[in-house]
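Have a look at the structure below before the remarks.
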Amino acid sequence: MIKLENVSKSYKGGTNTAALQNANIDIGKGEFVFLVGPSGSGKSTFIRLLNKEEDPSDGRIFVAGKDIGQLSSWKVPYLRRNIGCIFQDFKLLEKRTVAENVAFALEVIGRPRSVITKQVPAILELVGLADKVDSFPTQLSGGEQQRVSIARAFVNRPLILLADEPTGNLDPTTSVGIMRLLDRINRTGTTVVMATHDRGIVDTMRRRVVELDKGTIVRDQAQGVYE
Amino acid sequence: MALKISYMLKETGTNLVRRISLTIAAILTISISLALFGSSLLARDGVANATQRWEGGIEFVVWMNPEADADQDAAIRRSIEESPAVASSTYVSQEEAFEEFREMFADSPELIEAVEASDLPPSYRVVPTDPDADVVVELGSQFRNQPGVRDVVFASEAIKDIQLQANRISNGLLWVSIALLIASALLILNTIVVAIGARRQEIEVMKLVGASNWFIRLPFMLEGLVHGLIGAGFAVLAMWGVRNWVIDGFSRSQSLALLEGLKVNNAELINRSLWVLAIGVAVGIVGSAFAVSTKLDV
Ligand SMILES: Nc1ncnc2c1ncn2[C@@H]1O[C@H](COP(=O)(O)OP(=O)(O)OP(=O)(O)O)[C@@H](O)[C@H]1O
Ligand SMILES: [Mg+2]
């Protein structure tokens with residue numbers, strides 16, 4: 001599903017050392033992969049390369065069998081429709097309600113109104129927010145906001161879900177709830193790549209762990225632990 | 001698709017209303033600059049029409065009486081053709097005069113209806129060898145009291161002067177309006193940049209979930225287009241006002257005989273209005289396209 005071949009990334013005007021160095025990895029369909037490593041080791045860079053928010057300085061990246069380096073810019077949106085993204089800071093639109101935030105993701109890719117009115121309530125039910133559809137993000141707890149952002153990322157049934165420290169702003173109990181949800185999404189066949197600093201989560205879930213250090217993959221372990 | 005179009009219009013509408021003061025500023029600037037631009041074009045047309053009969057180097061016109069007999073006509077013709085002070089001359093028959101009349105009053109068919117070729121005087125258009133005003137007046141005056149001649153009219157220095165001044169004014173207007181047009185394009189650009197800034201989060205999410213580039217860009221482009229179009233609309237209204245009250249007012253004023261011919265017909269006005277609309281649209285699109293291409297990279 002995801003394949004990196006000798007991928008390196010240095011930022012223009014950044015430090016001399018590369019954010020990612022000669023990375024090689026193969027992630028199959030339906031896998032759940034944790035990206036771990038100290039701050040600045042290149043986890044976010046790895047994730048941004050996958051949905052083409054950034055382009056590699058070197059090497060090739062394949063998503064669903066396609067070399068995304070060859071993708072013309074007007075096709076990039078179609079790549080992104082197959083990739084859901086969630087973040088530490090949720091990126092919800094404050095002036096829109098929960099339901100509107102989720103509907104927005106479908107509206108802007110031209111889904112018909114009939115599909116939107118069916119799928120939005122269904123996905124909000126799935127993430128456990130059926131009773132909050134008309135609330136605004138500011139009226140929700142952090143955990144609830146992250147559920148909205150998961151609903152938005154997943155409503156279009158993407159093949160891949162990228163999560164950059166999705167529990168970074170949440171307390172441990174709330175984090176467990178979010179991880180249950182991601183696990184459920186993964187069981188539907190969605191490939192999940194999640195960058196995290198959360199030792200507890202990685203150690204309890206026992207999934208594949210890829211460790212980065214100063215931009216280099218230093219460990220790739222099935223059913224791994226944080227350290 | 002229907003959803004997309006309604007979405008675009010809704011977004012564009014909200015953008016316009018949310019920053020109403022910027023919208024008004026942009027529309028006002030473009031209206032004023034296009035109104036000036038259009039008026040300068042109209043002034044040009046008006047002056048060209050007023051001085052049309054003086055073009056081609058004609059320095060004075062000997063108007064004959066329509067009733068003048070063949071002998072009288074032949075005498076005048078001979079003295080014009082034989083005069084060493086005349087470089088060239090053209091005879092405009094009643095039919096030709098009527099043809100010109102029909103062109104000049106193309107938009108007033110009732111006037112053309114009321115006039116026949118035989119009502120119009122034939123004329124000689126004369127170019128003297130020496131263009132000095134005094135010599136021209138001297139030469140022309142010789143014909144004034146001859147039998148069969150109704151009047152002699154000069155393209156005197158005064159008319160040339162007016163033509164020159166009028167062109168100077170309309171050129172000045174043109175340059176001022178072009179400067180203002182550039183200002184409007186920049187104002188539209190900045191308005192769109194502000195609009196894009198205000199929707200940063202929405203745009204980020206749109207990119208994230210895979211909205212196509214044109215879907216993200218179009219509402220902003222439309223916003224610029226609306227600025228240009230509404231601005232041009234007001235400018236066109238102003239141009240009709242200029243034609244109906246200012247230019248027509250001049251040509252009605254009895255005191256200034258020279259300005260009688262100053263007129264702009266409907267065909268010219270429509271032509272200039274279309275130009276102004278096209279330029280308004282172009283300025284709106286250029287301004288917003290520039291904002292979008294610099295601020296909305298994928
Ligand atoms: N946009 C950028 N421009 C320049 N340098 C950048 C940019 N983004 C990241 N970097 C640099 O690239 C390196 C890797 O950053 P990255 O954000 O991928 O690390 P990370 O593992 O996600 O860190 P954290 O755990 O703190 O989120 C760092 O040295 C960082 O300074
Ligand atoms: Mg990071």
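Using non-hydrogen atoms only and a strict 4.5 Å limit, the part of residues 171-203 of chain B facing chain A consists of R199(B), Q201(B), E202(B). Identified by a heavy-atom distance below 4.5 Å to chain B, the contributing residues of residues 81-98 of chain A are R81(A), I83(A), C85(A), F87(A), K91(A), L93(A), R96(A), in residue-number order.
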### Message
Could you go through N213(B) and V76(A), starting from their C-alpha distance and side-chain angles, then the distance that decides it, and tell me whether this counts as side-chain contact (heavy atoms from CB on, under 4.5 Å)?
### Response
CA-CA 9 Å; N213(B) 292 341; V76(A) 172; over 6 Å; no

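Here T188(A) pairs with F154(A), T190(A) under the side chain to side chain contact (heavy atoms under 4.5 Å, CB included) rule; sequence neighbours left out. Every residue two or more places apart in sequence or in another chain was checked for a salt bridge (Lys or Arg N to Asp or Glu O under 4.0 Å) with D171(A), and none qualifies.
Residues I109(A) and M206(B) are not in side-chain contact: their nearest non-hydrogen atoms beyond the backbone lie 4.5 Å or more apart. Residues V155(A) and V209(B) fail the side-chain proximity criterion, which asks for heavy atoms closer than 4.5 Å.
Summarising the local packing, CH2 of W275(B) is surrounded by 12 or fewer heavy atoms from other residues, nucleotides or ligands at distances under 6.0 Å. By the 6.0 Å contact criterion, CZ on F62(A) is enclosed, its count of non-hydrogen atoms from other residues, nucleotides or ligands being greater than 12. Other residues, nucleotides and ligands contribute at most 12 non-hydrogen atoms within 6.0 Å of the CZ atom of F234(B).
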